[in-house]
Every structure is written in structure tokens, then in C-alpha cells.
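For reference, the structure discussed in these notes is given below.
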Amino acid sequence: MRALVLEFHDIAPEVRHFVFQVPEVEQLHFKPGQFVSFSESLSGKKITRPYSIVSLPGGNRFELCLNLVHEGVFTPHLFSLQPGDSIEMSAPLGFFVVRDPTREAVFIGTGTGIAPFRAMAPDYLSHPHASQLTLLFGVRQEQNIYYRDDFEALARKHSNFRFWPALSRAASSWTGRSGHVQAHVLEAIGERRDLDVYICGLRAMVDDVRAILKGLGFDRKQIIFEKYD
Ligand SMILES: Cc1cc2nc3c(=O)[nH]c(=O)nc-3n(C[C@H](O)[C@H](O)[C@H](O)COP(=O)(O)OP(=O)(O)OC[C@H]3O[C@@H](n4cnc5c(N)ncnc54)[C@H](O)[C@@H]3O)c2cc1C
């Protein structure tokens, strides 16, 4: 199938939020947290890359959050797309979805690794027996807290949702958490060892957080992760 670009806007320098439509279906079926794969022939070679869906299921539209990797093979092409252009895509796939039954959970994402959580957080909170959810979101600067308004609105609506951005290059005016997410894992899980931790982002962070959790006695089945590289 093909995905048609309806619109996009930049949500931070070199980070773009896209709205796509799949005209050939009425309903695009997926679970919050899943990804689509885009393919394109570039310099005579077919290149495929997966991207997490940042929106909830609804009709034949879906949204993505893309980071421009300057030296990357594929993202410069994605950033050249204009409304009306289309790209080959696969049906949504993936196991990085909220577990059923839900348990108390911590979501940990860095950079565009926030993408699946923008769909999974409202999905988690809509479960009838939703417990406490903490979203720990690591970025460099305040301008990189993508979807901040959405997460803050969600936290106002659900008293069992805590939104914790952490800045690794915070300005002196920042009064929130600073440093890498790794420094805040223990605070997020507290004394509990019976919760599920979902991690998404680049390999180095995911591996660090997994090692911290294993050191704290977490079973591997409680650690659900998606690596972007
Ligand atoms: C399941 C899954 C879901 C993904 N979802 C997203 C998403 O929602 N948004 C998104 O921007 N990317 C996402 N990615 C990463 C994406 O698939 C590509 O790897 C990324 O766009 C780089 O492709 P490229 O061809 O431009 O770079 P390549 O030529 O493949 O170069 C890869 C380099 O880019 C770095 N890199 C990969 N992803 C990122 C990133 N997001 N930010 C910064 N550096 C990166 C890698 O560390 C590596 O050094 C996802 C990856 C997976 C496996």
C-alpha cells in the first residue's frame, strides 16, 4: 500500500510531525505502539526503514514523528516529501504494545523514542483497570520536549499519570529533572519491583536502562523494549 503525505510541521529543529493517509483502505488497523515500514528506491537500491506510529487508530490516517539524520540514507528523502507525495509502506507491525492485563508501568523514551508512547500512554490510561503510569522522557533541551502539551494535558486528565521530562543539556532556568534518563529510573520505579517497564530509543540508552533494571532484580519478562538502531 502507499501512504500519502497530507501535511507536516516541524515540532523542533530537524524533527518533523507528519500526517499520512492510506487512500486504498477505509480503516488502517494497528495497535498503539506498532510501526509501519516505508520503502523507496534510492540510488538504485531499495531501502526500507520502520517508524513508530504516534497517533491512535482512527480511519485511514496515521501520524509519525521523524528525526532528520543528516548522514542517514533514508531520512533526507523523507524530509524532502511534500503534501501530495506518497511512499510505499507495509501494514503496521510490532510487539511493542501495552500488555493486557495492564500492570503499573513506567515508560522510558529518549528523543524520537517518545513516538510509540504518544499513542501508548492514552491507550494504557483508557484501560478500565489502569494503574499508575510514569513517562520518563529524556531529551537535550526544553525545546525538544516533543508533544509536551499533549502529555501535560493527559496528566491533568488522569491523576494516575506522571509526566517526567529530563533534560541532558538544561538551561540554568530549568527547574525540572536534568541529566540522562538513567539517573531517574530508580526514582520512577520506587520500591516496586512488580511493574512493567517499556523502553524506546537508541541502543545505548535501552541497553543501559535494561542493565539497571536487571541489577535491581527485574525479570526480563517485565522489560519490554524497542531499539531504533
Ligand atoms: C521499530 C522502529 C521504530 C522506529 N521509529 C522511529 C520513529 O518513530 N522516528 C524516527 O525518527 N526514527 C525511528 N526509527 C529509526 C528509523 O527506522 C531509521 O533508523 C532512522 O530514520 C535513520 O534512518 P536513515 O536511513 O536516515 O539512517 P541510516 O543511514 O540507517 O543511519 C543510521 C544512523 O542513524 C542513527 N539513528 C537511527 N534512528 C535515529 C533517530 N530516530 N534519531 C537519531 N539518530 C538515529 C543511528 O544511530 C545510526 O547511527 C525506528 C526504528 C525502529 C527499529
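Hydrogens, waters and symmetry mates play no part in the numbers below; they use all other heavy atoms, side chains included. Numbering of ligands and ligand atoms starts at 1, following listing order.
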* Atom of Leu64, atom of Tyr147 and distance for their closest heavy-atom approach -> O-OH, 4.3 Å
* Asked: Any protein heavy atom lying closer than 4.0 Å to atom 48 (C) of ligand 1?
  -> no
* Under a 4.5 Å side-chain heavy-atom rule over Ile, Leu, Val, Met, Phe, Trp and Tyr, are Ile224 and Val106 clustered together? -> no
* Ion pair present between Lys31 and Asp123, side-chain N to carboxylate O less than 4.0 angstrom? -> no
* Parallel, tilted or perpendicular for Tyr51 and Phe38, by the 30°/60° rule? -> tilted
* Asked: Hey, which of Asp10, Leu68, Thr112 is the one that makes side-chain contact (heavy atoms from CB on, under 4.5 Å) with Val15?
  -> Thr112
* Asked: Starting from atom 27 (O) of ligand 1, which protein heavy atom do you reach first, and at what distance in Å?
  -> Gly72 CA, 3.4 Å
* When only distance counts, is Glu71 in polar contact with ligand 1, meaning an N/O pair under 3.5 Å? -> no
* Report yes or no: does a heavy atom of Lys227 sit under 4.0 Å from some atom of ligand 1? => yes
* **Identity and separation of the nearest protein heavy atom to atom 52 (C) of ligand 1** => Pro50 CG, 3.5 Å
* **Closest candidate by heavy atom, reference atom 4 (C) of ligand 1, pool Phe74, Phe38, Tyr228** => Tyr228
* To do: Specify the protein heavy atom at minimum distance from atom 20 (C) of ligand 1: its residue, its atom name, and the distance to 0.1 Å.
  => Tyr51 OH, 3.8 Å
* Output the list of atoms in ligand 1 that are nearer than 4.0 Å to some heavy atom of Val73, sorted by atom number. => 24 (P), 25 (O), 26 (O), 27 (O), 28 (P), 29 (O)
* Asked: How about Phe117 and Phe96: are their ring centroids closer than 6.0 Å?
  -> yes
* List the closest protein heavy-atom neighbour of atom 39 (C) of ligand 1: residue, atom name, distance to the nearest 0.1 Å. => Leu202 CD2, 3.8 Å
* Asked: At what distance is the nearest protein heavy atom to atom 30 (O) of ligand 1, and which residue and atom is it?
  -> Arg49 NH2, 3.0 Å
* **Test item: protein heavy atom less than 4.0 Å from atom 32 (C) of ligand 1** => no
* Would Glu88 and Lys46 pass as an ion pair if we require N to O under 4.0 Å? -> yes
* **Protein contact to atom 42 (N) of ligand 1 [nearest heavy atom, distance to 0.1 Å]** => Asn67 ND2, 2.9 Å
* For Arg203 and Asp229, which heavy atoms make the closest approach, and how far apart are they? -> N-OD1, 2.6 Å
* Under 4.0 Å, heavy atoms only, figure out whether ligand 1 is touched by the backbone of Ala115, its side chain, both or neither. => side chain
* To do: Check each atom of ligand 1 against the heavy atoms of Leu66 and keep those under 4.0 Å away; list them by number with element.
  => 11 (O)
* **Identity of the nearest option to atom 5 (N) of ligand 1, non-hydrogen atoms only, from Ser52, Gly33, Ala204** => Ser52
* Nearest heavy atoms of Tyr228 and Leu202, plus distance in Å -> CB-CD2, 3.9 Å
* Asked: Atoms of ligand 1 less than 4.0 Å from Cys65 heavy atoms?
  -> 7 (C), 8 (O), 9 (N), 10 (C), 11 (O)
* So which of Ile114, Thr48, Thr112 gets nearest to atom 10 (C) of ligand 1, if we judge by its closest heavy atom? -> Thr112
* To do: Locate the shortest heavy-atom distance separating Lys221 from Arg99; write the atom from each residue and the value.
  => O-NH1, 2.5 Å
* Could you go step by step and tell me if Phe62 and Phe35 meet the ring pair (Phe, Tyr, Trp, His ring centres under 6.0 Å) rule? -> CA-CA 10 Å; Phe62 69 97; Phe35 62 85; over 10 Å; no
* Structure fact -> Looking only at non-hydrogen atoms, the one of Val69, Leu93, Leu42 nearest atom 45 (C) of ligand 1 is Val69
* To do: Hey, can you tell me if Phe151 and Phe161 have their rings parallel, tilted or perpendicular (30° and 60° cut-offs)?
  => tilted
* Asked: Same hydrophobic cluster for Leu28 and Leu56, using side-chain heavy-atom links shorter than 4.5 Å among ILVMFWY?
  -> no
* Please verify whether a non-hydrogen atom of Gly111 lies at under 4.0 Å from ligand 1. => no
* To do: Can you sort out which atoms of ligand 1 are near Glu226, meaning under 4.0 Å from one of its heavy atoms?
  => 1 (C)
* For atom 46 (C) of ligand 1, what's the nearest protein heavy atom and its distance? -> Asp229 CB, 3.7 Å
